[in-house]
Amino acid sequence: MKPATVLVVDDSATKRYLLVSWLTRAGFTVRQAETGGEALSMLPGSDIELVVLDVKLPDMSGFDVCETIKTDTRYGAMPVIHVSAHAVDVVDRTQGLNRGADAYLVEPIEPDELIATAQAVLRYYSARRRAESLAERMVRLAEATLAINTSTTLTGLLQAAAAGAHEIFGGPVVVLTESADGEGTAVVGSPPAVRPWPLPQEDVGVGSLVRTDDAADWGVVTWPEGESVTVAAARLRPDRPPIYVAVPTSSQNPGFPVLRQLSQTVAAAVEAQRSYDEEHRIAVTLQRSLLQSRLPEVPGVELAMRYEPAGAQTEVGGDFYELTMLDGKLLVAIGDVAGHSLHAATVMAEVRHAVRAYAVEGHPPGTVLKLVNRFMRTVLPADSATICLLTLEPGTGRVRMASAGHLPPLLHTAEGTRFVEPHGPLLGINAPRPDDFEFVLPPGGTLVLYTDGLVERRDADIDVGLAALARAATTVESNLDAFSRRLMTELGGAGQQADDIAVVALRRQ
């Protein structure tokens, strides 16, 4: 361990020589000053760890020097030992201690007493610095934990962990784990940079461990010369790869409490992110596989469909749509199962297939909804859904429509824009249903069906969103797909919305 550096401040050359000699023989590195002003000028930015200070100085009192050291942040937490051959009574010693001195020695001083006092004071300050360092690191660990757990991607999580580790420990940092595609991914430095790097070929059991490695084993980043690397590894499940946090060994507290806790925090967050990503990926794949991918070709009718899932970190929803030709009529349905989860997606598939099955039997829209409602109350009693269902005769434009609690379709004609508002209770409720709503879609008329993600916002009333849709649909592009894209862009937030959006537009040519 590097010997402590002591500053001896005394205007007496003889006494200063004795103090320096005793401290040097005891292994200390010693520097000297003759006045208080000289001592104060030497301290800022120096490696001095202890001041042995005479009370009687030619330019200022040692009491004043001590008080300046203790109250001015430029000097840091610096221990001071007073020595005096003149100010020796109780009042002097009391004043010295009250103004910040850590010890007060009265001459004649025995060498052993001086050395023992210096060592005791340094031990106390060393322990105090370790405690303060640990407390500060725990605060930074809490901040890093918050940043890690609020990250929304695996890469962002690792970058937050690397930034937090650098803030806590300083120096080079490596956070390493396996990416979703099975490749080792290391995040290093500040600002964090992502680099490919293979995981160590070793068996890390469930739990955590801390070890010291050669810097060459972690060459993904440049380490200080002569520095070894302390590595914390953590693993929550035997079927998951471990995570590693590597930092300079010289930065560590005894027992590695902060590094160990950081590695465990990262491992828990990575596991949660992996689990979420897997569930979300499965749910999105399932939902997309269950939705219609191609539109039917209907003579005299132009069709457009747009579907936009919610922001990447929102659970999959239950939005669905259906466009099918049955017995010369176009069947159009759009709906939304309550909830956002894999369960909602599976219920959506069942409801969609039930709608198709009952419609194939030739039932009108209102009867289809009655049958689907009975199906849901029998098979899915805990679930509910909204749906708007219609049939369109392409030749005449005759529309027959029924709704189960769904938002009203928007009708654009040469006369203007208005909402078509068929009414009916949502699916899953035992309540009477009104007769079908009938009207004629004129040539050139456009009908827009949509789910609530297009118009509903948490910070505004639904009427605000409906009014915005009506304004956006005042003009309808000649290309219906372009019109649908514009609605999604203007109202849906370009993929940043909190809910799925489905839009179906049809125009009678």
Side-chain angles (χ1 to χ4, degrees), residues 285-309 319-336 348-349 351-369 372 387-403 406-414 417 420 422 436-451 454 469 472-473 475-489 492 500-509:
T285 301
L286 173 62
Q287 185 178 31
R288 288 188 177 279
S289 69
L290 296 173
L291 292 174
Q292 189 172 358
S293 59
R294 296 183 61 184
L295 298 180
E297 294 184 4
V298 184
V301 178
E302 182 182 357
L303 301 175
M305 178 273 296
R306 305 291 297 181
Y307 172 76
E308 184 70 39
D319 290 14
F320 65 95
Y321 50 87
E322 178 69 34
L323 297 97
T324 304
M325 286 297 295
L326 295 175
D327 298 328
K329 296 180 182 180
L330 176 64
L331 175 74
V332 181
I334 192 164
D336 186 4
M348 171 269 289
V351 172
R352 176 175 172 241
H353 291 314
V355 169
R356 297 173 70 186
Y358 291 127
V360 166
E361 292 181 352
H363 301 294
T367 302
V368 170
L369 293 188
V372 174
I387 186 170
C388 182
L389 179 66
L390 65 88
T391 58
L392 168 68
E393 296 178 1
T396 64
R398 181 169 177 251
V399 175
R400 187 168 182 174
M401 180 184 296
S403 177
H406 201 76
L407 292 167
L410 182 72
L411 177 62
H412 177 275
T413 66
T417 300
V420 180
D436 290 354
F437 181 82
E438 297 187 44
F439 65 97
V440 174
L441 180 65
T446 300
L447 191 63
V448 181
L449 297 87
Y450 52 93
T451 56
L454 186 68
L469 173 60
T475 302
V476 178
E477 283 83 345
S478 59
N479 182 291
L480 205 56
D481 192 60
F483 168 65
S484 301
R485 285 199 305 269
R486 180 170 63 80
L487 291 183
M488 297 284 277
T489 301
D500 296 351
I501 299 176
V503 173
V504 173
L506 55 98
R507 176 164 55 203
R508 187 178 172 207
Q509 297 174 341

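All residue numbers refer to positions in the sequence shown, counting from 1. Just so it is clear, the structure is predicted and the values come from calculations on it, not from any experiment.
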Can you confirm whether [X] sits close enough to [Y] that some side-chain heavy atom of one is under 4.5 Å from a side-chain heavy atom of the other?
{"X": "Val448", "Y": "Phe483", "answer": "yes"}
{"X": "Leu389", "Y": "Leu331", "answer": "yes"}
{"X": "Leu323", "Y": "Val298", "answer": "no"}

Quick one: [atom1] on [X] to [atom2] on [Y], what's the gap to the nearest 0.5 Å?
{"X": "Cys388", "Y": "Leu369", "atom1": "SG", "atom2": "CG", "answer": "8.5 Å"}
{"X": "Leu441", "Y": "Glu393", "atom1": "CG", "atom2": "CD", "answer": "12.0 Å"}
{"X": "Leu390", "Y": "Arg400", "atom1": "CG", "atom2": "CZ", "answer": "12.0 Å"}
{"X": "Thr391", "Y": "Lys329", "atom1": "OG1", "atom2": "NZ", "answer": "5.0 Å"}
{"X": "His353", "Y": "Glu322", "atom1": "NE2", "atom2": "CD", "answer": "9.0 Å"}
{"X": "His412", "Y": "Thr475", "atom1": "NE2", "atom2": "OG1", "answer": "6.5 Å"}

Keeping the roles fixed (side chain from [X], backbone from [Y]), state whether a donor-acceptor pair exists under 3.5 Å.
{"X": "Asp436", "Y": "Gly366", "answer": "yes"}
{"X": "Arg508", "Y": "Leu447", "answer": "no"}
{"X": "Arg352", "Y": "Ala333", "answer": "no"}
{"X": "Arg398", "Y": "Glu438", "answer": "no"}
{"X": "Arg306", "Y": "Ser484", "answer": "no"}

Minimum-distance pair of heavy atoms, taken over all atoms of [X] and [Y]:
{"X": "Met401", "Y": "Pro422", "value": "SD-CG, 3.4 Å"}
{"X": "Pro296", "Y": "Leu303", "value": "O-CD1, 3.6 Å"}
{"X": "Asp481", "Y": "Met305", "value": "OD1-O, 4.4 Å"}
{"X": "Ile334", "Y": "Ala502", "value": "CD1-O, 3.5 Å"}
{"X": "Tyr358", "Y": "His363", "value": "O-CD2, 3.1 Å"}
{"X": "Met488", "Y": "Tyr307", "value": "CE-C, 4.1 Å"}

TODO: Go through the side-chain N and O atoms of Thr451 and Asp319 and say whether any donor and acceptor fall under 3.5 Å apart.
DONE: yes
Open item on the list: Show, in sequence, the C-alpha distance, side-chain angles and deciding distance for Ile501 and Tyr450, and conclude whether the side chain to side chain contact (heavy atoms under 4.5 Å, CB included) test is met.
Closed with: CA-CA 7 Å; Ile501 299 176; Tyr450 52 93; 6.0 Å; no
- [ ] Might you work through the side chain to side chain contact (heavy atoms under 4.5 Å, CB included) test for Leu480 and Thr446, ending with a clear yes or no?
- [x] CA-CA 9 Å; Leu480 205 56; Thr446 300; 3.9 Å; yes
- [ ] Could you please spell out the steps behind the side chain to side chain contact (heavy atoms under 4.5 Å, CB included) verdict for Val440 and Thr396?
- [x] CA-CA 8 Å; Val440 174; Thr396 64; over 6 Å; no
Open item on the list: Does Val372 form a side chain to side chain contact (heavy atoms under 4.5 Å, CB included) with Ile387? I'd like the steps, not just the answer.
Closed with: CA-CA 10 Å; Val372 174; Ile387 186 170; over 6 Å; no
Open item on the list: Tell me whether the count of non-hydrogen atoms from other residues, nucleotides or ligands lying under 6.0 Å of CD in Glu361 goes above 12.
Closed with: yes
